[in-house]
Number of protein chains: 2
Amino acid sequence: MEFKEAKNKFVQTWGALGSQWGINKTMAQIHALLMVSSEPVSMEDIMEELQISRGNASMNLRALMDWGIVYKEYKAGERREFFTAEKDLDELAVKISRERSKREIKPALKVLKEVSSIEANATAEEKHFVEQTTKLYDFVLKADNVLDKITEYKDNWLTKLVIKIMK
Amino acid sequence: MEFKEAKNKFVQTWGALGSQWGINKTMAQIHALLMVSSEPVSMEDIMEELQISRGNASMNLRALMDWGIVYKEYKAGERREFFTAEKDLDELAVKISRERSKREIKPALKVLKEVSSIEANATAEEKHFVEQTTKLYDFVLKADNVLDKITEYKDNWLTKLVIKIMK
DNA sequence: ATAAACTTTCATTTTTTTTTGAAAGTTTAA
DNA sequence: TTAAACTTTCAAAAAAAAATGAAAGTTTAT
């Protein structure tokens with residue numbers, strides 16, 4: 001396999017993986033492209049390489065920056081903007097995890113708390129509902145906290161976690 | 001909030017959360033419905049409660065069973081099939097994690113290994129590509145293994161993990 | 001202040017994903 | 001073996017999500 005082929009395969013795979021995890025394909029592809037680029041890349045080049053429109057590139061780059069995993073860079077004497085991805089994988093995982101927690105898990109927790117707090121009247125159905133949603137609330141809260149703790153280790157959190165688990 | 005309202009809110013929220021994580025909305029809603037039902041539910045009732053077609057119900061129930069998180073049940077003297085969800089949350093999380101690893105992470109790892117193994121010729125770009133994809137391969141492999149180890153604790157793995165991390 | 005060189009926005013179009021529903025298939029009881 | 005009571009399948013329709021591209025907006029150099 002030659003470089004161009006490998007790069008393309010990587011970008012396609014990363015895009016497909018993104019889709020399966022609720023991230024739009026192009027967004028994941030742009031991220032993949034930036035991840036393996038040693039130099040900052042211009043919007044023009046992203047459009048060219050992924051064969052996408054200007055609008056699409058612009059919107060997805062904005063989204064990636066909102067996630068905090070892609071940065072704008074300015075080159076001296078160049079009017080154009082260039083983009084780079086967060087390349088430190090520990091940091092990348094921490095940011096994605098924080099963002100998903102904030103956007104998706106926290107709001108879900110709020111709802112779980114609400115619905116598990118209803119007056120459970122006589123019926124077995126209602127009792128079971130309250131019991132099950134309460135368990136779910138506790139579980140999700142605990143998982144969210146664990147993730148938070150783990151990623152707080154900062155440098156090399158994954159390796160540190162491996163060590164903790166092993167011993 | 002009364003029971004019916006709470007139940008509906010829970011089902012809707014679980015459905016929306018599913019979408020954000022790449023699981024089709026109806027599939028997540030059916031799962032939510034079964035999670036909080038104390039008794040097995042017939043396909044007819046699922047269709048009625050979620051206002052979906054027979055085909056949709058059938059296909060998504062099949063998918064949930066393929067994931068191993070919903071079971072068919074037969075009631076004595078009843079021709080119809082009934083469905084229940086895995087209600088143990090530890091077990092549920094383990095199954096989802098195993099399944100996503102098998103379906104999505106493992107194939108992605110295979111590609112990462114492939115593309116990181118190309119002959120890195122002279123250019124800095126190629127060198128960076130190999131370096132970055134190799135790091136990514138190591139990271140994803142390690143994360144996948146950690147998840148596997150954690151869920152191996154079986155009963156109460158999440159609580160056990162909390163304890164390990166805290167001390 | 002002007003205009004060139006860019007980027008962003010968003011109504012419209014395209015693509016992808018999901019849902020429908022009717023026909024085909026299966027199981028059970030008589 | 002027949003037929004009633006179910007479930008599954010899948011081509012077509014509908015809905016949802018993503019992409020386009022041109023107009024509007026912004027920035028910078030002169």
Side-chain angles (χ1 to χ4, degrees), chain A residues 11-34 40-67 70-84 100 103-104, chain B residues 11-34 40-67 70-84 100 103-104:
Chain A
V11 170
Q12 295 306 320
T13 303
W14 209 238
L17 199 63
S19 297
Q20 290 170 319
W21 288 80
I23 286 142
N24 129 12
K25 192 185 70 182
T26 303
M27 188 170 152
Q29 286 182 344
I30 294 177
H31 182 248
L33 187 64
L34 296 180
V41 184
S42 70
M43 201 155 93
E44 207 71 38
D45 286 348
I46 292 171
M47 288 163 58
E48 166 66 25
E49 228 173 314
L50 301 179
Q51 288 293 303
I52 58 174
S53 70
R54 192 171 292 287
N56 196 5
S58 174
M59 288 174 85
N60 283 112
L61 280 166
R62 149 78 32 229
L64 284 163
M65 289 188 291
D66 289 347
W67 276 73
V70 160
Y71 315 114
K72 257 188 195 165
E73 292 212 355
Y74 299 94
K75 282 193 186 172
E78 280 263 26
R79 178 83 138 265
R80 290 179 298 168
E81 298 171 340
F82 290 81
F83 302 88
T84 1
R100 292 206 95 145
R103 296 182 192 201
E104 297 151 17
Chain B
V11 169
Q12 295 306 320
T13 304
W14 209 239
L17 199 63
S19 298
Q20 290 171 318
W21 288 80
I23 285 140
N24 126 12
K25 193 184 69 182
T26 302
M27 187 169 153
Q29 286 182 343
I30 294 176
H31 182 248
L33 188 63
L34 296 178
V41 184
S42 70
M43 200 153 92
E44 208 70 39
D45 287 348
I46 292 171
M47 287 163 59
E48 166 66 24
E49 242 186 292
L50 301 180
Q51 289 294 303
I52 57 172
S53 71
R54 192 171 292 287
N56 198 4
S58 175
M59 287 174 85
N60 282 114
L61 280 166
R62 150 80 31 227
L64 284 163
M65 290 188 291
D66 288 347
W67 276 73
V70 160
Y71 315 114
K72 257 188 194 166
E73 291 211 354
Y74 298 94
K75 282 193 184 172
E78 281 262 26
R79 178 81 138 273
R80 291 178 299 169
E81 297 171 341
F82 291 81
F83 301 88
T84 1
R100 292 206 94 146
R103 297 181 193 203
E104 296 149 17

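Chain letters run A, B, ... following the sequence lines, proteins first and then strands; every chain starts at 1. From a predicted model like this one, the values you see are computed outputs, not experimental measurements.
The shortest side-chain heavy-atom distance between Trp21(A) and Trp21(B) falls under the 4.5 Å cut-off. In this structure, the side chains of His31(A) and Trp67(A) stay at 4.5 Å or more apart for every pair of heavy atoms. With a 4.5 Å cut-off on side-chain heavy atoms, Leu34(B) and Ile30(B) count as touching.
Thr84(B) OG1 to Lys72(B) NZ: the interatomic distance, rounded to the nearest 0.5 Å, is 12.0 Å.
In this structure, the helix from dA1(C)-dT30(D) to dA30(C)-dT1(D) shows an angle of 20° between the axis at its start and the axis at its end, each fitted on 5 base pairs and rounded to 10°.
Across the interface with DNA chain C, nearest-nucleotide mapping of Ser53(B) and Asn56(A) shows Asn56(A) to be the residue nearer the 5′ end. Where Tyr74(A) and Gly55(A) each meet DNA chain D at their nearest nucleotide, the meeting point lying more 5' is that of Gly55(A). Comparing Glu78(A) and Met59(A) by the nucleotide of DNA chain C that holds the closest heavy atom to each, the one mapping nearer the 5' end is Glu78(A).
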Expected list for residues 48-55 of chain B: side-chain donor-acceptor pairs under 3.5 angstrom, two or more places apart:
unit_1: Glu49(B); atom_1: OE2; unit_2: Lys7(B); atom_2: NZ; d: 3.3
unit_1: Gln51(B); atom_1: NE2; unit_2: Glu48(B); atom_2: O; d: 3.0
unit_1: Ser53(B); atom_1: OG; unit_2: Asn56(B); atom_2: N; d: 3.2
unit_1: Arg54(B); atom_1: NH2; unit_2: Glu44(B); atom_2: OE1; d: 3.1
unit_1: Arg54(B); atom_1: NH2; unit_2: Glu44(B); atom_2: OE2; d: 3.3

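For DNA chain D, the contact window with chain B, defined by any atom under 4.0 Å from a protein heavy atom, covers dA4(D) to dC10(D) in 5' to 3' order.
Note on Arg79(A): a base of the nucleic acid sits closer than 4.0 angstrom, heavy atoms only.
Regarding Gln51(B), its CD atom lies at a distance of 11 Å from the P atom of dG21(C), rounded to whole Å. Rounded to whole Å, the distance from CZ on Arg80(B) to P on dA29(C) is 14 Å. Taking atom CG of Leu61(B) as the reference point, atom P of dT20(C) lies 13 Å away to the nearest angstrom. Put simply, CZ on Arg54(A) is 15 Å from P on dT9(C), counting in whole angstrom units.
Side-chain N/O atoms of Thr26(B) include one lying less than 4.0 angstrom from OP1 or OP2 on dT19(C). Residue Asn24(B) places at least one side-chain N or O under 4.0 Å from the OP1 or OP2 atom of dT19(C).
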